K.L.:
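Quick one: this structure, given as structure tokens, is what I'll be asking you about.
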Protein chains: 2
Amino acid sequence: MGHGQGQGQDRPDTRTRIQDAATVLFRRNGYAGTGLKQIAAEADAPFGSIYHFFPGGKQQLTEETIRTAGAAYSRMVLALLDSVADPVESVTHAFATAADDLEATGYADACPIATVALEVASTNETLRIATADVFAEWVAAGEQWFARWVPDPGTARSLAQSLIMILEGAFVLSRAARDREPLRAAGRSMAALLRSAIEEAGRPSE
Amino acid sequence: MGHGQGQGQDRPDTRTRIQDAATVLFRRNGYAGTGLKQIAAEADAPFGSIYHFFPGGKQQLTEETIRTAGAAYSRMVLALLDSVADPVESVTHAFATAADDLEATGYADACPIATVALEVASTNETLRIATADVFAEWVAAGEQWFARWVPDPGTARSLAQSLIMILEGAFVLSRAARDREPLRAAGRSMAALLRSAIEEAGRPSE
DNA sequence: GTCTATAACTGGATAGAC
DNA sequence: GTCTATCCAGTTATAGAC
């Protein structure tokens with residue numbers, strides 16, 4: 001090993017730890033509910049390091065967190081959807097997994113950006129656009145995924161939007177009730193929606 | 001006119017103004033993002049009146065706001081659903097109205113409790129339960145409404161949950177993008193879901 | 001019951017030592 | 001680059017005059 005960024009301990013660098021801590025805290029406590037001092041403590045980093053790595057302060061840290069966590073979440077969900085061959089079973093399995101994961105984390109780890117998205121929608125234009133960009137990427141990725149089984153692009157897009165929306169809404173209800181049932185019901189509805197769309201595509205001459 | 005609560009001006013009493021202001025501000029800026037001083041200013045009430053009428057402070061004010069606004073929103077949506085005879089058209093019309101209302105308010109006035117619900121789900125047990133109670137009442141009311149057209153109670157309940165979830169998720173995406181399209185897509189999906197359920201109920205012997 | 005002043009604390013942001 | 005001390009505006013909450 002040379003010198004420089006060798007840490008002896010096997011942990012990420014300060015900048016990464018700050019961003020990871022911010023991701024966790026924003027997801028659980030929201031934007032206004034999370035303090036920079038709290039982030040520094042959770043990251044085990046000195047307070048000043050936040051402004052060293054993120055000169056734009058809380059807004060810059062939050063924007064990078066939204067975009068990074070949003071992209072990571074998209075990859076995670078797509079990998080989950082690709083782990084099952086049949087599309088309807090795949091959607092059902094994805095919602096069931098989300099329900100179990102949510103319960104396993106004490107109903108804390110749902111969507112990484114939804115709380116912040118609602119908080120900033122009317123209060124911070126820069127962050128609002130960041131959340132909008134993330135959702136737009138999710139819809140585009142979902143549209144590509146559904147296009148494998150539903151030829152009409154408009155239908156595929158509508159299915160992708162619906163999956164994201166019903167998942168987001170289910171997260172709200174499941175977290176509030178501390179109950180997996182809403183997420184499971186969401187999975188059943190999304191499966192039904194996809195099944196109908198595939199059937200519809202099977203008989204185009206109507 | 002006698003004496004006592006005659007105000008000369010025709011405006012609600014102080015307590016009501018405080019609660020109304022809190023409803024508006026929580027909906028737009030969230031729980032942590034709204035200060036009591038801001039609420040007092042918006043209500044045109046002295047700061048001390050908040051603690052006079054709500055001795056439990058911010059938490060008590062928020063809890064009463066969640067429950068009151070939640071019940072009012074439920075009545076509003078049900079009245080909207082009852083304004084059209086055909087159930088599928090009714091659902092479509094309700095989502096279209098929500099989309100237009102959201103756009104008309106600068107994408108600010110969506111669900112009155114969703115932002116707060118996500119913020120408090122992991123941080124304040126009293127408020128988390130208040131939001132859960134409101135959502136449970138919404139599901140129960142929706143179940144009764146769908147039961148008029150779908151005999152199976154489980155299906156009616158699932159439809160009610162799905163409507164609320166897809167509406168909540170659509171609010172998140174529409175507010176983030178400042179675009180009515182997600183809410184419109186949500187309306188189409190919910191209409192499709194209901195149509196399938198009604199058809200299913202029409203041929204019970206399968 | 002109305003309203004003001006202030007206490008006690010936490011927020012984001014900055015300056016500057018090392 | 002790391003870390004501490006501090007500033008000032010903001011928060012919730014309370015005390016007490018009127």
Side-chain angles (χ1 to χ4, degrees), chain A residues 2-9 11-22 25-26 28-66 115-116 119-120 123-127, chain B residues 2-9 11-22 25-26 28-66 115-116 119-120 123-127:
Chain A
H3 63 303
Q5 65 259 52
Q7 272 116 8
Q9 284 297 80
R11 66 172 185 175
D13 61 20
T14 304
R15 199 197 139 96
T16 304
R17 291 203 316 278
I18 289 171
Q19 203 165 329
D20 289 349
L25 291 170
F26 286 146
R28 300 193 183 189
N29 308 333
Y31 177 71
T34 301
L36 293 184
K37 288 173 184 171
Q38 192 183 356
I39 292 172
E42 176 83 13
D44 194 26
F47 181 75
S49 293
I50 292 181
Y51 283 90
H52 176 72
F53 292 109
F54 304 91
K58 192 180 191 180
Q59 177 172 297
Q60 185 192 343
L61 171 57
T62 307
E63 182 175 4
E64 292 196 25
T65 297
I66 287 168
T115 309
V116 176
E119 284 183 278
V120 304
T123 58
N124 186 313
E125 192 66 359
T126 301
L127 297 181
Chain B
H3 64 302
Q5 64 259 50
Q7 272 118 7
Q9 285 296 79
R11 67 170 185 177
D13 61 19
T14 304
R15 201 196 136 97
T16 304
R17 292 204 314 280
I18 290 170
Q19 204 167 324
D20 289 349
L25 291 169
F26 285 147
R28 300 192 184 191
N29 308 333
Y31 177 71
T34 302
L36 294 183
K37 287 177 184 173
Q38 194 182 356
I39 293 172
E42 177 83 13
D44 194 26
F47 181 75
S49 294
I50 292 181
Y51 283 89
H52 177 73
F53 292 109
F54 305 90
K58 191 178 190 180
Q59 177 173 297
Q60 184 191 345
L61 170 58
T62 307
E63 182 176 5
E64 292 197 24
T65 297
I66 288 168
T115 309
V116 176
E119 284 183 278
V120 303
T123 57
N124 186 314
E125 192 65 359
T126 300
L127 297 181

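Labels below follow one simple rule: chain letters A, B, ... track the order of the sequence lines, proteins then strands, and each chain is numbered from 1. These values consider heavy atoms only, across backbone and side chains, with no hydrogens, waters or symmetry-generated copies. Computed from a prediction, not measured in an experiment: that's the story for all the values here.
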K.L.:
Among residues at least two apart in sequence or on other chains, which ones pass side chain to side chain contact (heavy atoms under 4.5 Å, CB included) with Asn124(A)?
P.N.:
Tyr31(A), Gln59(A), Val120(A), Thr126(A), Leu127(A)
K.L.:
Please give, in whole Å, the distance from dC3(D) C1' to Ile18(A) CD1?
P.N.:
12 Å
K.L.:
May I ask you to say what Phe54(A) touches in the nucleic acid, namely base, sugar-phosphate or nothing, with a heavy-atom cut-off under 4.0 Å?
P.N.:
nothing
K.L.:
By the salt bridge (Lys or Arg N to Asp or Glu O under 4.0 Å) test, which pairs, at least two apart or in different chains, include something from residues 45-56 of chain B?
P.N.:
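Of all non-adjacent pairs touching residues 45-56 of chain B, none passes salt bridge (Lys or Arg N to Asp or Glu O under 4.0 Å).
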K.L.:
For the CZ atom of Arg28(B) and the OG1 atom of Thr123(A), what is their distance to the nearest 0.5 Å?
P.N.:
12.0 Å
K.L.:
Nearest whole Å is fine: how far is dC3(C) P from Ile50(B) CD1?
P.N.:
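Rounded to whole Å, this separation is 13 Å.
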K.L.:
Could you give all pairs that pass the salt bridge (Lys or Arg N to Asp or Glu O under 4.0 Å) test and reach residues 51-64 of chain A, with sequence neighbours left out?
P.N.:
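Residue pairs passing salt bridge (Lys or Arg N to Asp or Glu O under 4.0 Å), neighbours aside: Arg15(A)-Glu64(A), Glu63(A)-Arg67(A).
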K.L.:
Whole-Å distance between dA13(D) C1' and Ile39(B) CD1?
P.N.:
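Going from CD1 in Ile39(B) over to C1' in dA13(D) covers 14 Å.
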K.L.:
Compile the donor-acceptor pairs under 3.5 Å between side chains in residues 46-57 of chain B and protein atoms, sequence neighbours left out, one pair per line.
P.N.:
none

K.L.:
Show me the side-chain donor-acceptor pairs of residues 33-42 of chain B shorter than 3.5 Å, one per line, residues at least two apart or across chains.
P.N.:
| unit_1 | atom_1 | unit_2 | atom_2 | d |
| --- | --- | --- | --- | --- |
| Thr34(B) | OG1 | Leu25(B) | O | 3.3 |
| Thr34(B) | OG1 | Gly30(B) | O | 2.7 |
| Gln38(B) | OE1 | Gly35(B) | N | 3.3 |

K.L.:
Could you run through nucleotides 11-18 of chain C and give me one letter per nucleotide, 5' to 3': B if any protein heavy atom sits under 4.0 Å from the base, S if only the sugar-phosphate is that close, - if neither?
P.N.:
BBBB----
